[in-house]
Visitor: 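Dropping a structure here in structure tokens format, bear with me for questions.
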Amino acid sequence: MGANLEKELEKARVNEVTELDYKEKGLTEVPPQIGSVETLIRLNLSTNKLKALPPQIGNLPNLTHLNLFHNRLKELPQEITKLSDLEELNVSINKLTSLPRGFGGYNHLTFLDLSYNDLTELTPQIGLLVTLKELHVSYNQLTKVPPELGKCENLERVVMSNNVIDELPHELGRLSKLKLLDVSGNKLTVVPPDLGLLETLEKLDLSLNPVVTEIDQAAKKGQPKLLEYLKSDDYDAIYYREKKKINA
């Protein structure tokens, strides 16, 4: 599709197209001419065979939605961080092992999906994404959650199930708009008591974790009872006891 795609992109540039959908087109590469369609607002490259993106992807100043779902990307070009108007970014089901430098430069990002990749850590720059409302990082190899995530004050949904996380930072207790925190399928024995103070939290999913018996028993009584227990003095003692074990 190479030559034809280049012609299509030239036509899109001339016609000042705002949306391109190349879902399931069998693409193995994206020509650099993509960067010439500066009027683009939405770009769908999902379900292809892309192993890399051209640096010119960063030359799309009006792009707000970028869908890279289900490709073979091992990394993202640093130039992708120039897309300062981006609101939604889906890079789930790829082979990413890290995020590019400057990833925290998105000033309008509300939705980020990095699930089903090979990430072993989340960059602390995630804390700069203060407009973020929804974050998905399930099915990676994350062992820790950066404390900086607590700076994303507009977060409403955080899904980080099926990783190998053994500890959550107490800074998550600052997420005053959080409605859902899914940390199921990890290595957690305890969670910060601060989570019990989140008045907007509707669901805290701790299933499939080796949590202490007291948390498990409280969770079986329902969400209100679980959150109430996390605020108790009894739980405080258990939490700091387990923290010592983790950090020993």
Visitor: Using only atom types and a distance under 3.5 Å, with no angle test, would you say the side chain of Asn163 pairs donor to acceptor with the backbone of Leu119?
Guide: no
Visitor: So, do Leu197 and Lys231 sit near enough that their side-chain heavy atoms are less than 4.5 Å apart?
Guide: yes
Visitor: Give the C-alpha distance, both sets of side-chain angles, the deciding distance and a yes or no for side-chain contact (heavy atoms from CB on, under 4.5 Å) between Leu149 and Met160.
Guide: CA-CA 12 Å; Leu149 188 61; Met160 47 182 65; 4.0 Å; yes
Visitor: Using a 4.5 Å cut-off on heavy atoms from C-beta on, say whether the side chain of Val145 contacts that of Leu142.
Guide: no
Visitor: Please check this pair: side chain of Thr39 against backbone of Thr18, looking for a donor-acceptor N/O pair closer than 3.5 Å.
Guide: no
Visitor: What are the two closest heavy atoms between Ser161 and Ser138, and how far apart are they?
Guide: OG-OG, 2.8 Å
Visitor: Would you call the rings of Tyr235 and Tyr239 parallel, tilted or perpendicular, where under 30° means parallel and over 60° means perpendicular?
Guide: tilted
Visitor: What is the distance from atom CZ of Phe111 to atom NE2 of His65, rounded to the nearest 0.5 Å?
Guide: 9.5 Å
Visitor: Looking at side-chain heavy atoms only, is the closest gap between Leu66 and Ile80 below 4.5 Å?
Guide: yes
Visitor: Does Asn140 use its side chain to pair, donor to acceptor, with the backbone of Asn117 at less than 3.5 Å?
Guide: yes
Visitor: Okay, side chain of Asp182, backbone of Ser184: is any donor-acceptor separation there less than 3.5 Å?
Guide: yes
Visitor: Working to the nearest 0.5 Å, report the span between CG of Leu99 and CG of Leu122.
Guide: 7.0 Å
Visitor: Are Arg241 and Ile238 packed together at the side-chain level, in the sense that at least one heavy-atom pair is separated by less than 4.5 angstrom?
Guide: yes
Visitor: Identify whether the distance between the nearest side-chain nitrogen and carboxylate oxygen of Lys11 and Glu8 falls below 4.0 Å.
Guide: no
Visitor: Taking Ser46's backbone N and O only, do any of them form a donor-acceptor pair with Asn44's side chain (distance below 3.5 Å, no angle check)?
Guide: yes
Visitor: Say whether Ser232 and Asp234, considering side chains only, have a donor N or O and an acceptor N or O under 3.5 Å apart.
Guide: no
Visitor: Hey, is Lys144 close enough to Glu167 for a salt bridge, meaning N to O under 4.0 Å?
Guide: yes
Visitor: Does Lys245 reach the side chain of Glu242, with side-chain heavy atoms less than 4.5 Å apart?
Guide: yes
Visitor: Look only at the side chain of Thr131 and the backbone of Thr110, and say whether a donor-acceptor pair between them is shorter than 3.5 Å.
Guide: no
Visitor: Step by step, work out the side-chain contact (heavy atoms from CB on, under 4.5 Å) result for Lys74 and Thr97.
Guide: CA-CA 6 Å; Lys74 292 185 178 180; Thr97 57; 6.0 Å; no
Visitor: Cluster question for you: counting only ILVMFWY and a side-chain heavy-atom cut-off of under 4.5 Å, with indirect links fine, are Val130 and Phe103 together?
Guide: no
Visitor: Is there a donor-acceptor pair closer than 3.5 Å between any side-chain N or O of Asn48 and the backbone N or O of Gly26?
Guide: yes
Visitor: Looking at Asn94 and Arg72, would you say the former's side chain and the latter's main chain have a donor-acceptor pair under 3.5 Å?
Guide: yes
Visitor: Less than 4.5 Å apart, side chain to side chain, heavy atoms only: is that true for Leu181 and Leu175?
Guide: no
Visitor: Closer than 3.5 angstrom, by distance alone: can the side chain of Ser92 be matched with the main-chain N or O of Ser115 as a donor-acceptor pair?
Guide: no
Visitor: List in chain and number order the residues that pass side-chain contact (heavy atoms from CB on, under 4.5 Å) with Ala218, two or more places apart in sequence or in another chain; answer none if no residue qualifies.
Guide: Leu226, Tyr229
Visitor: Measure the CG-CG distance between Leu109 and Leu89 for me, rounded to the nearest 0.5 Å.
Guide: 6.5 Å
Visitor: Please confirm whether the backbone N or O of Val183 pairs with a side-chain atom of Asn209, one donor and one acceptor, at under 3.5 Å?
Guide: yes
Visitor: Answer yes when Arg157 and Glu134 have at least one side-chain N-carboxylate O distance shorter than 4.0 Å, and no when they do not.
Guide: yes
